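These notes concern the structure reproduced below.
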Amino acid sequence: MRREKSLVLGVTTLAITVLLAACGSSGSKEASTDTVTFTTTDVISTMDSALNTDVIGAQALTDTMEGLYRYEGKTVKPAIATKVVKPTNNGLTYTIPLRKDAKWSNGKAVTAADFVYAWQRVVNPKVGSQYAYIYEGIKNATDITAGKKAVDTLGIEAKDAHTLVITLDKPIPYFSQLMTSSTFFPVYKAAVEKAGKAYGTNSKTLVFNGPYKLSNWNGPDSSWKEVKNTNYWNAKDVKVKNLKYQVVKDPSTALNLFQSKKVDRTVITGDTAKQMKNDPDYSTLPKSATFYMQLNQDKNPIFKNAKIRQAISMTIDREELASQVLGDGSKAISSITPKNMAYNPTTDKDFTSELSAAGLKNATYNPKEAAKLWKEGLAELGQTGKTFNYTMLSDDTDIAKKRSEYLQNTLEKNLSGLKVTLANVPFKTRLSRSDSGDFDLAVSAWNADFPDPITFLDLFVTDGSNNNGHWSNAEYDAQITASKTTNANNPTARWQNLLKAQDIMNTESGVIPLYQVGTAYLTNANVKGLDYGPSGNYNNVSLYLKK
């Protein structure tokens, strides 16, 4: 979810650390059974599930809140719902029974009305949720977000305290997976009304229904603590009493923490990852997340020219970027949709393996062709011989800075007259500037909300809330629309819609893919039950420490 999360909704970097009594030089040690500390690359932007757009907040929400379903491994399991429901009425109606033993952290019952209130709040245009678009397909959601219908017409009803009825405008093939997303979590109405605009900015404004509760957290905090929620319906299966999170941006610092026995699982990148690649504690984890570059066509009309975009894409040696600059298990890609995430419903072939070679070639390093296309594009625009000074927006982590420097170098070296200035800023600032259009080129990322290509492709429809570069293609939009309407109940035809859409983007270089995220870890053997799901979050109900 998100959410650049996801990374989405870019990708958060998790390092899990355990508070111990002992010290030493090796990663292995006797672990505490009370507390596990996760380190992450940035602060929580918000704990308001309607407003969160990134993976850091999504992880905190997954730890402390719970929706209808939760991932266990790659399987969707009931959470507040008592079972995973199949739709009726030709895929348009879901009648979902809720647990009668589910409670909020204040002891009050979690009811169907809590879901109704939360969902109506997300689609309410006055709230301003960037994730309201993900409700498309739920009855009246699109019209509500457009201000054409009242919020209370949304297709969700509390039939009684423990029965939720959801009505769709059209079938949603990935509905069950979608329900694991924090954007669909319930909200305690009285807490929102009491806090007003401050809701989600500190732990005092929140009431929780998940495995943990945030304790003494304020939005700007670079560390926070989550304590076990004894009112959680499944508290008996939550084995770790406390989770602690600490922002750590430097991979050398992470390595030092691991080697001093203060860290049991830590992400490492760049030279640090290369250094530790043969260590027995080293491993990599591929993720359904990609980094890509958006070109601001509203601010810079030059980027509306397909040859200019293709030239920029062809100047990037993705293999070199992934192996030499990142060195963390990340892989070169030729599309924004990641590999090994979604499979053909008929043949079981990976989505990316069926994409057109003609489109994929635009993400192949070819500086000679790039220079030719750049020259041709400038001629078509009447800009031959001119110079261009553009700012590239990205995050301020160590690896993000190295990535930016690499891209700056290859663009300036291969494209005559192009000057790139780097703006590496805190994650929250980067999101804000991206959303407001305050950039020329921006490195962004997305983490799958659910294992389906639409979670990436839907971002870049015309006027999409995450389409910050404002690339637009009518045929692309038509294919995405068909996949969600005409062919929603036809898996084979829907798959072809998605393939065609990705091919169009690749051919146009509408959004420029960089790499698929792979994360390198150093892990202590005492850390067990790490359950990383398809939505890009860890299910920390499963977490435990070997005694």
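Quantities reported herein were computed from a predicted structural model and do not represent experimental measurements.
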Minimal heavy-atom distance between N52 and G57, with the atoms involved, is OD1-CA, 3.5 Å
Ignoring hydrogens and angles, state whether a donor on the side chain of Q130 or D435 is under 3.5 Å from an acceptor on the partner side chain.
yes
Just by distance, do the side chain of T167 and the backbone of T93 share a donor-acceptor pair under 3.5 Å?
no
Quick one: do E475 and K500 make a salt bridge, cutoff under 4.0 Å?
no
For the residue pair N124 / Q120, report whether a side-chain donor-acceptor contact shorter than 3.5 Å exists.
no
Among side-chain atoms of K401 and N424, is any donor-acceptor pair under 3.5 angstrom?
no
Between R430 and D395, does any side-chain N to carboxylate O distance fall below 4.0 Å?
yes
Checking the side chain of S394 only, and the main-chain atoms of S404 only, is there a donor and an acceptor separated by less than 3.5 Å?
no
Is the backbone of V420 close enough, under 3.5 Å, to the side chain of Q408 for a donor and an acceptor to pair up by distance?
yes
Using a cut-off of 6.0 Å, state whether more than 12 heavy atoms not belonging to K189 lie near its atom NZ.
no
Taking NZ, NE, NH1 and NH2 as the nitrogens, is one of them in D396 or K249 under 4.0 Å from a carboxylate oxygen of the other?
yes
Kindly check if the number of other-residue, nucleotide or ligand heavy atoms within 6.0 Å of CG (N389) is above 12?
yes
Salt bridge check, R70 against E66: does any charged N sit closer than 4.0 Å to a carboxylate O?
yes
Determine whether M392 and L411 make a side-chain contact, defined as any pair of heavy atoms from C-beta on separated by less than 4.5 Å.
yes
With a sphere of 6.0 Å drawn around NZ of K299, does it hold more than 12 non-hydrogen atoms of other residues, nucleotides or ligands?
yes
Please confirm whether the ring centroid of W119 lies under 6.0 Å from the ring centroid of F184.
yes
With D503, the side-chain contact (heavy atoms from CB on, under 4.5 Å) member among L360, L355, L498
L355
Without hydrogens or angle criteria, can the side chains of Q502 and T337 be said to hold a donor-acceptor pair below 3.5 Å?
yes
Find out whether V511 and M293 are in side-chain contact, i.e. whether some heavy atom of one side chain is under 4.5 Å from a heavy atom of the other.
no
Output yes when a side-chain donor or acceptor of D531 lies under 3.5 Å from a complementary backbone atom of G73, and no otherwise.
yes
Is there side-chain contact between F115 and F185, with at least one heavy-atom pair below 4.5 Å?
no
Geometric class of the W374/F388 ring pair [parallel <30°, tilted 30-60°, perpendicular >60°]
perpendicular
Is the shortest side-chain heavy-atom distance between P451 and Y71 below 4.5 Å?
yes
Is it the case that the side chains of D440 and N296 hold a donor-acceptor pair, with the cut-off being a distance below 3.5 Å and no angle test?
no
Would you mind checking if E226 and K213 are paired as a salt bridge, meaning a charged N to carboxylate O distance below 4.0 Å?
no
Restricting to non-hydrogen atoms, name the atom on A501 and the atom on L457 that form the minimum distance, rounded to 0.1 Å.
CB-CD1, 4.4 Å
I'd like to know if the side chain of N473 reaches the main chain of Y476, judged simply by a donor and an acceptor atom lying under 3.5 Å from each other, with no hydrogens or angles considered.
yes
If only atom types and distance count, is the side chain of N305 paired as donor or acceptor with the main-chain N or O of I308 below 3.5 Å?
yes
Regarding D452 and R494, does a basic nitrogen lie under 4.0 Å from an acidic carboxylate oxygen?
yes
Would you please say whether a donor-acceptor pair under 3.5 Å links the side chains of D114 and W104?
yes
Centroid separation under 6.0 Å, is that true for the rings of F303 and Y390?
yes
So do the side chains of I480 and N497 get within less than 4.5 Å of each other, counting heavy atoms only?
no
Under 3.5 Å, is there a donor on one side chain and an acceptor on the other for T352 and D350?
yes
So, T429 side chain and V425 main chain: donor-acceptor pair closer than 3.5 Å or not?
no
Side chain R309, main chain E508, donor-acceptor under 3.5 Å
yes
Taking the six-membered ring for Trp, is the centroid-to-centroid distance between Y131 and Y133 below 6.0 Å?
yes
Salt bridge or not for R121 and D48, using N-O below 4.0 Å?
yes
Minimal non-hydrogen separation, E157 against V116, with atom names:
C-CG2, 4.0 Å
What are the two closest heavy atoms between V443 and L407, and how far apart are they?
CG2-CD1, 3.9 Å
Can you tell which of W471, F456, F460 makes a ring-ring contact (aromatic ring centres under 6.0 Å, His included) with Y292?
F460
Assess the side chains of D477 and T462: does a donor N or O sit below 3.5 Å from an acceptor N or O?
yes
State, with a plain yes or no, whether a side-chain heavy atom of P171 is found less than 4.5 Å away from one of L92.
yes
One thing to verify: whether K428 and D54 come together as a salt bridge, which I'm taking to mean a side-chain N less than 4.0 angstrom from a carboxylate O.
no
